[in-house]
Amino acid sequence: MNRSEMEKLAKSLRAGRVSLPDFIDQIAQMATPEPAAKTAPLQGASLDLDRSGRCGFPEVVYGEGKSAETILEIFQRQQEAGQSCMATRIDAEKGAAIVAKLDGATYNPVGRTVRLGSAGQPSQGKVGLITAGSSDLPVAEEARETLLWMNVDVTTIHDVGVAGPHRLPERIGELADCDAVIVVAGMEGALPSVVGGYLACPVIATPTSVGYGASFGGVAALLGMLNSCASNVTVVNIDAGFRAAYNAGIIATRRRR
């Protein structure tokens, strides 16, 4: 029994639909050790089919280095298990091959993602997504697609970097009811600190590899974000749009529960 099922059981007890003895019996069953995690051995992959039960969402495929055939096999096995599908870092050729074989699959060429179905209940919270500049869009789109797959509402604000400091305050009100906000920025990575000073929610800073030579492929932005003086700012790895979105999605989902 996963967390969602536990919550439904508790609500049924409170509403009188489940008796106290039945509730205790089911809780006792939950205390019994579960069998080992289900694994589907595939050609070139070992798929974790128990991930959603343990962690709330199915396994996501990292697409670089995997063939379209391997990703298709993973997706088809997940569908057989009643799970939704998500893959990141998928180039255009692989994306076209996957979408051609799977009805309902969508490919985002900017974010380089493929998704099929959604992994949670509708409207599981709200996350803001901000970019410093249009060059940061590929990472932001990876994050947005991940949140859509998690069934989390997304409010996007693009191109409000610190070079034009008047642009962010004009729109900051749109983020007031967000459970978390992702800020995607390259160059010196200053924007998350500014955003953090305006909001009362977690801000997930996401450095990008955008910038000139001294940006060191995003290291300058990463270090700047790690040294943020805004107390609500936390940081993920360079270009890690998926990681930022997954964590923001978990924050939003748990808060709404």
Side-chain angles (χ1 to χ4, degrees), residues 45 47 51-52 57-79 83-161 174 178 180-186 204-210 218 236-250 252-253:
L47 176 62
R51 186 78 57 90
S52 59
F57 295 93
E59 183 173 0
V60 175
V61 180
Y62 180 75
E64 284 188 0
K66 294 183 178 69
S67 67
E69 290 74 21
T70 295
I71 297 168
L72 277 167
E73 186 181 14
I74 293 171
F75 275 17
Q76 288 163 352
R77 186 64 185 84
Q78 285 182 312
Q79 284 188 293
Q83 297 180 0
S84 61
C85 310
M86 175 87 185
T88 64
R89 306 302 167 97
I90 305 294
D91 62 39
E93 183 178 352
K94 273 194 247 182
I98 294 167
V99 169
K101 294 287 182 68
L102 293 175
D103 291 339
T106 58
Y107 176 65
N108 183 320
V110 179
R112 297 186 297 156
T113 60
V114 176
R115 60 182 169 92
L116 178 60
S118 55
Q121 299 299 318
S123 299
Q124 293 196 111
K126 181 179 179 181
V127 169
L129 178 59
I130 302 175
T131 63
S134 55
S135 297
D136 302 310
L137 277 175
V139 177
E141 279 296 288
E142 181 180 82
R144 188 179 69 85
E145 288 287 332
T146 302
L147 290 165
L148 293 176
W149 173 72
M150 298 175 81
N151 252 330
V152 174
D153 294 334
V154 187
T155 296
T156 57
I157 299 176
H158 291 314
D159 198 20
V160 290
E174 299 173 33
C178 287
V181 172
I182 299 166
V183 182
V184 184
I204 302 178
T206 309
T208 70
S209 49
V210 171
V236 296
N237 209 344
I238 300 167
D239 292 336
F242 164 74
R243 185 64 57 85
Y246 193 90
N247 281 279
I250 288 175
T253 299

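All residue numbers in this chain count up from 1 along the given sequence.
Within the structure, the salt bridge (Lys or Arg N to Asp or Glu O under 4.0 Å) test picks out no pair touching residues 101-111 (sequence neighbours left out). Applying the salt bridge (Lys or Arg N to Asp or Glu O under 4.0 Å) test to pairs two or more places apart or on separate chains, those with a residue in residues 84-95 are Arg89-Glu142.
Asp136 CG to Glu141 CD: the interatomic distance, rounded to the nearest 0.5 Å, is 12.0 Å. The CG atom of Leu47 sits 9.0 Å away from atom CD of Glu73, with the distance rounded to the nearest 0.5 Å. Leu147 contributes atom CG, which lies 7.0 Å from atom CG of Leu129 (distance to the nearest 0.5 angstrom). Between Gln76 atom CD and Ile74 atom CD1 the span is 10.5 Å, to the nearest 0.5 Å. Rounded to the nearest 0.5 Å, atoms CZ (Arg115) and SG (Cys85) are 12.0 Å apart.
Between the side chain of Tyr107 and the backbone N or O of Ala97, no donor-acceptor pair lies under 3.5 Å.
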>> The test is side-chain contact (heavy atoms from CB on, under 4.5 Å); show your working for Trp149 and Phe57 and say whether it passes.
In response: CA-CA 10 Å; Trp149 173 72; Phe57 295 93; 3.9 Å; yes
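The salt bridge (charged side-chain N to carboxylate O under 4.0 Å, His left out) test applied to Lys126 returns Asp177, not counting sequence neighbours.
For the side-chain contact (heavy atoms from CB on, under 4.5 Å) test with Met86, the passing option among Thr146, Val61, Val114, Leu116 is Thr146; the others fail. Checked against Arg144 for a side-chain contact (heavy atoms from CB on, under 4.5 Å), the options Val127, Ile182, Val154 give a single hit: Val154.
Side-chain atoms of Asn108 and Thr113 form no donor-acceptor pair, as typed in the model, at a separation below 3.5 Å. Judged by distance alone, the side chains of Asp239 and Ser209 do bring a donor and an acceptor atom under 3.5 Å apart.
Annotation: Arg51, atom CZ; neighbour count of heavy atoms from other residues, nucleotides and ligands within 6.0 Å is above 12.
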